[in-house]
Amino acid sequence: VQLQASGGGLVQAGASLRLSCAASGFTFNEYTMAWFRQAPGKERDFVAGISWRGSGTVYADSVKGRFTISRDNAKNTLYLQLNSVKPEDTAVYYCAADVVHYGPFSDKYKFWGQGTQVTVSS
């Protein structure tokens with residue numbers, strides 16, 4: 001099983017970027033997916049989750065209206081579109097997979113990726 005996150009980088013406040021998470025080693029469309037993030041010295045926080053076919057999504061209040069989670073089951077890839085980023089969005093972003101859960105409880109997720117760094121300058 002592998003979850004390979006990419007797309008992070010250094011951007012200015014107000015900019016946009018898209019994160020990707022390429023999945024392999026399991027049947028992607030049978031798993032729910034989510035993005036978490038961890039800032040230096042802080043706990044890992046839930047960002048967004050998505051159901052098996054993408055019809056259901058959940059967002060943390062801090063990103064609602066700015067970030068969009070989506071998936072392409074044909075490409076075995078999860079995405080996170082980040083718009084209007086803020087310095088407080090700076091963190092390592094991780095993708096995670098589970099068979100049923102796509103909410104905020106990190107201990108319920110079965111697989112985790114290695115993370116991609118997003119840094120937002122003011």
Between atom CG of Asn73 and atom CD of Glu30, what is the distance when rounded to the nearest 0.5 Å? 10.5 Å
Under 6.0 Å from the six-membered ring centre of Tyr94 and within 45° of its axis: does the NZ or CZ of Arg37 meet both? no
Is the distance between the ring centroids of Tyr31 and Phe26 under 6.0 Å? yes
If you count heavy atoms of other groups shown closer than 6.0 angstrom to NZ of Lys42, is the number above 12? no
Is Lys86 paired with Asp89 through a side-chain N to carboxylate O contact shorter than 4.0 Å? no
Please give me the minimum heavy-atom distance between Leu78 and Cys95, naming the atom from each residue. CD2-CB, 3.9 Å
Return the CD to OG distance between Gln12 and Ser121, rounded to the nearest 0.5 Å. 5.0 Å
Can you name the nearest heavy-atom pair linking Ala13 to Pro87, along with the distance? CB-CD, 4.1 Å
Below 4.5 Å, heavy atoms only, C-beta onward: do Thr32 and Ile50 meet side chain to side chain? no
Please collect all ring pair (Phe, Tyr, Trp, His ring centres under 6.0 Å) contacts where either partner lies in residues 49-69, sequence neighbours excluded, each pair once. none
Do Gln81 and Ser16 touch side chain to side chain, with heavy atoms closer than 4.5 Å? yes
Any chain of hydrophobic side-chain contacts (each under 4.5 Å) joining Phe105 to Tyr93? no
Does any non-hydrogen side-chain atom of Leu17 lie less than 4.5 Å from one of Val85? yes
On a heavy-atom basis, which atom in Cys21 and which in Met33 lie closest, and how many Å separate them? SG-CE, 4.5 Å
Can you name the nearest heavy-atom pair linking Ala23 to Leu3, along with the distance? CB-CD2, 3.6 Å
Under the 6.0 Å and 45° cation-pi test, does Arg71 pair with Phe28? yes
Under 3.5 Å, is there a donor-acceptor pair between the Thr77 and Asp72 side chains? no
Should Phe36 and Val58 be regarded as members of a common hydrophobic cluster, given that ILVMFWY residues are connected when their side-chain heavy atoms come within less than 4.5 Å of each other, either directly or indirectly? yes
If you measure from CG on Leu80 to OG on Ser20, what distance do you get to the nearest 0.5 Å? 9.5 Å
Grab the two heavy atoms, one from Val100 and one from Asp98, that are nearest each other, plus how far apart they are. N-OD2, 3.1 Å
Pairs in or reaching into residues 102-117: which pass side chain to side chain donor-acceptor pair (under 3.5 Å), with residues at least two apart or in two chains? Gln117-Thr119
Applying a strict under-4.5 Å side-chain criterion to I, L, V, M, F, W and Y, I'd like to know whether Phe111 and Tyr79 cluster together. no
Side chain proximity check, Trp35 to Leu19, heavy atoms < 4.5 angstrom: yes
